[in-house]
Number of protein chains: 2
Amino acid sequence: MRPVKVENKQLIEGLFKVFREKGYEGASLNELAEKAGLKKASLYHRFPEGKKQIGMAVLLHSSEWLHTNLYQLLADKNIAATERLEMALSRISELYNQGKETCILRSLSMESGMQIFGEEIKGEMNRWIKYFAQLGLDFGFTEEEALKKGKESLVKVQGSLIVANAMSDTDIFVSSLAEIRELFDK
Amino acid sequence: MRPVKVENKQLIEGLFKVFREKGYEGASLNELAEKAGLKKASLYHRFPEGKKQIGMAVLLHSSEWLHTNLYQLLADKNIAATERLEMALSRISELYNQGKETCILRSLSMESGMQIFGEEIKGEMNRWIKYFAQLGLDFGFTEEEALKKGKESLVKVQGSLIVANAMSDTDIFVSSLAEIRELFDK
DNA sequence: TGAATTATACCGAACGTTCGGTAATAAATA
DNA sequence: TATTTATTACCGAACGTTCGGTATAATTCA
């Protein structure tokens, strides 16, 4: 069998960047192919169902990253809650390149994207809230308090990414991460 | 002179909704014209410079709404700070239809929109922060504290709109407005 | 009538998608 | 080992459709 020109991981990451920067409608097959290192027709060999399937693969890739690098950490009771929080914030900062890059969930959550990926995006946000709420419980908060903090952490990350990007001011993102820290551990 | 078929205000509001829901790339001229109640060519009569000009008009319309309905209120020293805050939150809730609708700044702030409207979006966010920071001063906070609260209010609104829309859960938006209240007046 | 507004028809370019064919490798055969 | 065969990966070219945009004619009203 002929070997692939671009490995799957590298391929998805190239596609991911285009969707994150341009959104679903803004990401053209030509640019997707270019950034992926393949021709347009070859993309259709890898993803026979086309653009929607590519978006889905990108979303799945993000979901796996979060599960491996964030959620598993947040749920690891062998690590003290304070340290878990610290590490989680550090990985979130890494994920969004210190606030210089937006979130794929936001990029794909305009109306056209929601019609295709609505359930996946909603599911991912629910997972974020759930795992941060779990951390809240480990910090000793009540279930209600913890759930609220889970939601606040998501709102802060999403909001600060929007504002930081629009204003070219990553300090807002960095500050928001600090506020999430204080939300749990003060 | 022949009267217009669709009045300017109504026209802009129709165009506004399309850009807010679909983003810049996702808003096609055919749909813009349809929702505006005009044909495409008639849109070009009203906006000879095309789509960019339409987006700019929509953005300006939003800016004026904010100035008239929010910023003037926030700066009105004849009203007690607490009441000003309360009224401001109420108008924000109205603006975003209790969290059921997103913010045009977010919709137009993907890469393609930022290249066209970057300065306008940045300016509008700065204005939001400035006026809420001013309110913070009136609440007796230091300049530094007030500025931080201004930024937090913007982050909370933007973030909660994203999450509320993606999760079809307007409670998150409502809660976030309550958190902004507590941020200033507790 | 004359000017303004709207509508029809159209344009080149770009869109997502498809297809026929070629390149590259592994497996099978001689 | 050398050659053929099968399988998969890739790509150029073209598809029909829609894009943003533009002529030009018809309509409307001062």
Side-chain angles (χ1 to χ4, degrees), chain A residues 1-59 104 107-108 110-117, chain B residues 1-59 104 107-108 110-117:
Chain A
M1 190 168 68
R2 183 178 172 177
V4 294
K5 187 177 176 185
V6 179
E7 289 303 325
N8 233 299
K9 194 188 168 192
Q10 187 186 343
L11 178 62
I12 297 275
E13 281 169 6
L15 299 166
F16 170 85
K17 287 180 187 171
V18 181
F19 275 121
R20 188 188 50 198
E21 286 172 17
K22 305 289 178 71
Y24 186 73
E25 308 253 15
S28 76
L29 265 292
N30 274 321
E31 184 172 1
L32 285 166
E34 186 189 325
K35 295 286 156 53
L38 289 176
K39 296 295 174 181
K40 202 170 23 162
S42 303
L43 265 188
Y44 272 85
H45 176 73
R46 298 287 198 96
F47 304 97
E49 290 157 46
K51 196 177 180 183
K52 294 179 186 178
Q53 188 184 7
I54 297 175
M56 215 52 110
V58 159
L59 220 36
I104 187 77
S107 299
L108 293 180
M110 291 301 298
E111 201 192 79
S112 57
M114 282 300 289
Q115 284 171 11
I116 308 170
F117 311 116
Chain B
M1 190 168 73
R2 181 178 168 183
V4 294
K5 184 177 178 184
V6 180
E7 288 301 327
N8 233 298
K9 193 188 169 191
Q10 187 186 344
L11 179 61
I12 297 274
E13 280 167 8
L15 299 166
F16 171 86
K17 285 179 188 169
V18 181
F19 275 121
R20 187 188 51 198
E21 285 171 20
K22 304 290 177 69
Y24 187 74
E25 308 252 13
S28 76
L29 285 189
N30 277 320
E31 184 173 1
L32 285 167
E34 185 190 326
K35 295 285 156 53
L38 290 178
K39 296 291 175 178
K40 199 168 35 156
S42 303
L43 260 191
Y44 270 87
H45 176 73
R46 299 287 197 95
F47 303 97
E49 289 156 48
K51 194 176 180 183
K52 293 178 186 176
Q53 188 186 6
I54 298 175
M56 214 54 106
V58 159
L59 220 37
I104 187 77
S107 299
L108 294 180
M110 291 299 299
E111 201 192 79
S112 55
M114 281 299 288
Q115 283 170 10
I116 306 170
F117 312 115

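The chains referred to below are lettered A, B, ... by the order of the sequence lines, with proteins before strands, and numbering in each begins at 1.
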Once you round it to whole Å, what is the distance between [atom2] of [N] and [atom1] of [X]?
| X | N | atom1 | atom2 | result |
| --- | --- | --- | --- | --- |
| B:Leu38 | C:dT8 | CG | C1' | 15 Å |
| B:Ile54 | D:dC19 | CD1 | P | 14 Å |
| A:Phe47 | C:dG16 | CZ | P | 15 Å |
| B:Lys39 | D:dG20 | NZ | P | 16 Å |
| B:Leu43 | D:dC19 | CG | P | 14 Å |
| B:Gln53 | D:dG21 | CD | C1' | 13 Å |
| B:Lys5 | D:dT27 | NZ | C1' | 12 Å |

Give a yes/no answer on whether the side chain of [X] brings an N or O atom under 4.0 Å of OP1 or OP2 in [N].
| X | N | value |
| --- | --- | --- |
| B:His45 | C:dT5 | yes |
| A:Tyr44 | C:dT17 | yes |
| A:Arg46 | D:dT8 | no |

Under 3.5 Å donor-acceptor pairs involving side-chain atoms of residues 27-37 of chain A, not counting sequence neighbours:
| from | atom 1 | to | atom 2 | distance (Å) |
| --- | --- | --- | --- | --- |
| A:Ser28 | OG | A:Glu31 | N | 3.1 |
| A:Glu31 | OE1 | A:Lys22 | NZ | 2.8 |
| A:Glu31 | OE2 | A:Lys22 | NZ | 2.9 |
| A:Glu31 | OE2 | A:Lys35 | NZ | 3.0 |

*Applying side-chain contact (heavy atoms from CB on, under 4.5 Å), name anything that partners B:Glu21, two or more places apart in sequence or on another chain.*
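Per chain and number, B:Glu21 pairs via side-chain contact (heavy atoms from CB on, under 4.5 Å) with A:Glu111.
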
*Considering residues at least two apart in sequence or located in another chain, which fulfil the side-chain contact (heavy atoms from CB on, under 4.5 Å) criterion with A:Ser42?*
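Counting only residues at least two positions away or on another chain, A:Ser42 forms a side-chain contact (heavy atoms from CB on, under 4.5 Å) with A:Leu38, A:Lys39.
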
*Any side-chain heavy atom of B:Leu43 sitting closer than 4.5 Å to one from B:Leu15?*
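Yes - at least one pair of side-chain heavy atoms lies under 4.5 Å apart.
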
*salt bridge (charged side-chain N to carboxylate O under 4.0 Å, His left out): pairs with one or both residues in residues 5-16 of chain A, sequence neighbours excluded*: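 Listed once each, the pairs would be none.
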
*salt bridge (charged side-chain N to carboxylate O under 4.0 Å, His left out) contacts in which one or both residues fall within residues 44-54 of chain B, not counting sequence neighbours*: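 The answer is none; no pair qualifies.
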
_Taking ring-ring contact (aromatic ring centres under 6.0 Å, His included) as the definition, give me every residue that meets it alongside B:Tyr24, ordered by chain and number, with sequence neighbours left out._
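Counting only residues at least two positions away or on another chain, B:Tyr24 forms a ring-ring contact (aromatic ring centres under 6.0 Å, His included) with B:Phe19, B:Phe117.
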
*asked:* By nearest atom, which of the nucleotides D:dG21, D:dA9, C:dA7 is closest to the B:Ala41 side chain?
replied: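 Per side-chain heavy atoms of B:Ala41, the pick is C:dA7.
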
*Measuring from A:Gln115:CD to A:Met110:CE, what's the distance to the nearest 0.5 Å?*
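Here the rounded value is 11.0 Å.
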
For nucleotides 10-15 of chain C, give me every protein contact, N/O to N/O, under 3.5 Å, one pair per line with atom names.
| from | atom 1 | to | atom 2 | distance (Å) |
| --- | --- | --- | --- | --- |
| C:dC15 | OP2 | A:Asn30 | ND2 | 3.2 |

Contacts under 3.5 Å, N or O only, protein and nucleotides 21-26 of chain C:
| from | atom 1 | to | atom 2 | distance (Å) |
| --- | --- | --- | --- | --- |
| C:dA23 | N3 | A:Arg2 | NH1 | 2.8 |
| C:dA24 | O4' | A:Arg2 | NE | 3.3 |
| C:dA26 | O4' | A:Met1 | N | 2.6 |

*Can you pull the ring pair (Phe, Tyr, Trp, His ring centres under 6.0 Å) pairs that have at least one residue in residues 37-59 of chain B, sequence neighbours excluded?*
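Listed by first then second residue: nothing to list.
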
